[in-house]
Amino acid sequence: MLQPVTRCMRLLHTRPLNKPIPKPSPSLVSDSKMIQQCNTSITKYMRTGQCHSALRIFNNMTQRTSVSWNAMISGYLLNNKFDLARQMFDKMPQRDLVSWNVMITGCVRNGNLGAARNLFDQMPHRDAVSWNAMLSGYAQHGYVEEARMVFDRIPNKNSISWNGILAAYVQNGRIEDAQKLFESNSAWDVVSWNCLMGGYVRKKRLIDARCLFDRMPKRDEVSWNTMISGYAQNRELAEAHKLFDESPIKDVYTWTAMVSGYVQNGMVDEARRVFDEMPLKNSVSWNAMIAGYLQCKKIEVAKELFDAMPCKNVSSWNTMITGFAQSGSIDLARDLFEKMPWRDCISWGAIISGYAHLGNNEEALRLFVEMKRSGEKANRSIFSCILSTCAEITSLELGCQLHAQLVKVGLGSGWYVGNALLSMYCKCGNIDEANVIFEEISDKDIVSWNTIIAGYARHGFGKEALRVFESMKRSGVKPDEVTMVGVLSACSHSGLVDRGTHYFHTMNHDYGITTNSKHYTCMIDLLGRAGRLDDALNLMKNMPFEPDAATWGALLGASRIYGNTELAEKAAEMVFQMEPDNAGMYVLLSNLYAASGRWGDVGAMRLKMRDTGVKKVPGYSWVEVQSKIHVFSVGDGTHPDTVRIYGYLEELYFRLKEDGYISSPKLVLHDVEEEEKEHMLRYHSEKLAVAFGILNIQGGRPIRVFKNLRVGEVLLRCDFV
DNA sequence: ATCTCCAAAT
């Protein structure tokens, strides 16, 4: 609206009023035509992603209008080159309304609402587009109230302003407000109807959506497509198909809605039939079809389609890589990953989580480093994946570095990454930092609470765990089954038998939690540790589940502690039946026999292990020194510092003996010669790791030693602080 | 005729 005025002003400036306006000379006419042609070319190049060619044209122009600059700015924004766009905007000599509006929109799309607001406040004149851009900016970032305030202040509201505020409500889930607004006015256009209808579809309120659809004064393609995909995505394929047949015009969206609807409902053959009938396919249609085949594990067909696809985009590659990775074909995934023409953070995330999922933590970490070197920024999902990798290999130092990176890029807040950080600190043995993180999560969800409770329990801080549990209840979060597993194991590890028993019996009544087998296992562990083996056994007999390996394992652990070999044998026998590959159980039972001097049974156990092909997982201990992990096994002689480590341990033993310490070979659980037993005691993997830690970690700093042997779900860990 | 704001499908 103000645009023509501004242009007149410019003319007034360049041509004095008292002289008649001269007719444009032929050269001037051709100049302005030239400029127009150049502007058109810039736009065309930008639309096809050829920023360099656009820039060359722009640089070669001897005269430019604001449209030339605007075309460059919006072109850069279209190609996600925000910084270049901003540079152009800052450099341009005379900004017009469109320049400001384009830049504001760019800031909003780049996630920088503050910059958008600054521009909005600075601009000399605003039109409806400026206001609408700000309104939509607030709406897109979840600031509904601010969006409403902008809307109320718009002096010359147009239909887009009205649709903007309607969309603000719909996008942020406030369908009732949207509905109220809609009813308060009658001058809505087809976009408004579509918008509200889309809101109902999102809320899965298909009946309300359909009601609007039927009442609409005018329908366009979007109306049909919204309604069709609403049905298709909510398992109402028959209704979707009916509407599809009725639809007067079908475009790519219409067809694709049907394809992805069938795919999402696992009807891949129907999807394929529609896909083959489509008169025109775009990359979304192809990708949906490929994802469908990957979903139902028809990997080969997916790959065939992918190879035949003419217009592969990053999503196509990402879909295939994710599919391969999730079906365990990590090498095929990697092959595609290496071949793809360009990658985004989804591609990196797909391959990294693929390796992490298979337990190849080293490769996951290596790729993460490579990603950062390539200049790609990690998103929340990648950070979360890598944090759990750190937890898996218990690399606290690496975890701390990630934490620092998260703070730097501003992704540290919020429960999503917060929970991953929390879990990392818990598993890496830094429960204090875990607590700091926990306190900092402003939008704690049930997982946050459960993680910190289980973390405290795991580290033996039962009372702390229960204190957190109480404050969880006070803050109005309802405990779930997982919470109670943490709470019961907290009681178990701290010997709080009565309290644990109380929770166990009241949790159904108090929190509506159905007792599951994990809870029973916790209780058996709790009673067993307290020496109440009979009660534990009774509980197991009366529980409404068949005891699983974990339950018997808990009983075995308890019997072992209290030297009840008979019960332990029975428990171990059950575990063998259920999990013939559970090497840990063979070792436990073998150790139990050894402890009671039943060497014949130990030998039989060994034979059984050999015959069933079970391999004992060797016990490892490791310690982290300056981001490097040093691993030790029993009597390890492979470490470069072996001589120093053994020398130090010898010296330590000499001093211990001088003080009257006698090591206790009886605790060694193998049938070996006395001398060798003593050797094993001295050079047990933890001791080697501790010695190395003492020799290499500065005094006053904690030495954290980790072990790989697991009993049930609990990672045994020694913290030497 | 070239530039900006609202609605639909991985």
Side-chain angles (χ1 to χ4, degrees), chain A residues 3 32-33 35-47 65-78 85 95-106 108-109 126-137 139-140 147 150-151 154 157-168 170-171 188-199 201-202 209 216 220-230 232-233 251-261 263-264 282-292 294-295 313-316 318-319 322 346:
Chain A
Q3 213 162 324
S32 69
K33 270 204 169 163
I35 294 176
Q36 270 184 20
Q37 275 173 10
C38 287
N39 292 348
T40 308
S41 303
I42 290 176
T43 306
K44 274 183 188 158
Y45 277 128
M46 283 300 197
R47 280 192 186 147
T65 61
S66 62
V67 175
S68 329
W69 289 87
N70 294 345
M72 283 304 292
I73 296 171
S74 73
Y76 276 139
L77 290 172
L78 186 73
R95 294 184 267 263
D96 63 11
L97 250 169
V98 175
S99 329
W100 290 93
N101 290 343
V102 170
M103 205 57 229
I104 287 176
T105 309
V108 166
R109 292 214 182 117
R126 298 171 194 101
D127 67 355
V129 177
S130 333
W131 286 95
N132 294 344
M134 281 314 293
L135 163 54
S136 139
Q140 281 167 38
V150 169
F151 175 77
I154 302 179
K157 297 180 184 56
N158 58 20
S159 68
I160 294 180
S161 320
W162 282 94
N163 288 339
I165 187 64
L166 188 68
V170 166
Q171 282 163 6
W188 298 103
D189 62 14
V190 65
V191 173
S192 334
W193 284 85
N194 291 343
C195 181
L196 188 62
M197 184 177 65
V201 165
R202 271 203 220 182
M216 281 178 80
D220 64 358
E221 282 170 65
V222 177
S223 323
W224 287 92
N225 293 344
T226 304
M227 201 60 237
I228 291 172
S229 62
Q233 278 166 39
D251 63 3
V252 193
Y253 285 86
T254 331
W255 286 92
T256 307
M258 290 307 294
V259 172
S260 65
V263 161
Q264 279 172 32
N282 65 14
S283 52
V284 179
S285 345
W286 283 88
N287 294 346
M289 199 58 240
I290 292 174
L294 289 170
Q295 232 173 59
N313 59 14
V314 201
S315 293
S316 328
N318 292 345
T319 306
T322 309
I346 307 289

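Rounded to whole Å, the distance from CG on Leu135(A) to C1' on dA7(B) is 14 Å. With rounding to whole Å, Arg109(A) atom CZ is found 12 Å from dC6(B) atom C1'. Following rounding to the nearest Å, Asn101(A) (CG) and dT2(B) (C1') show an atom-to-atom distance of 16 Å. Counting to the nearest Å, the P atom of dC5(B) and the CG atom of Leu97(A) are 14 Å from each other. If you take CH2 of Trp69(A) and C1' of dC3(B), they are 15 Å apart, rounded to a whole angstrom.
Every side-chain hydrogen bond (donor to acceptor under 3.5 Å, both in side chains) that Ser161(A) has, sequence neighbours left out, goes to Asn132(A), Asn158(A). Here Gln140(A) pairs with Ser136(A) under the side-chain hydrogen bond (donor to acceptor under 3.5 Å, both in side chains) rule; sequence neighbours left out.
Among the heavy atoms of the strands, none lies under 4.0 Å from Asn318(A). Residue Asp220(A) is classed as a base contact, given a heavy-atom separation below 4.0 Å to a base. Using a 4.0 Å heavy-atom distance criterion, Gln295(A) is classed as making no nucleic acid contact. Contacts of Ser283(A) with the nucleic acid, taken as non-hydrogen atoms under 4.0 Å apart, include base atoms.
Asn39(A) places no side-chain N or O within donor-acceptor distance of the main-chain N or O of Ile42(A), the cut-off being under 3.5 Å. In this structure, Asp127(A) contributes its side chain and Ser130(A) its backbone to a donor-acceptor pair below 3.5 Å.
A stacked arrangement is not assigned to Trp193(A) and the six-membered base ring of dA7(B), the conditions of a centre distance below 5.5 Å and an interplanar angle below 30° not being jointly met.
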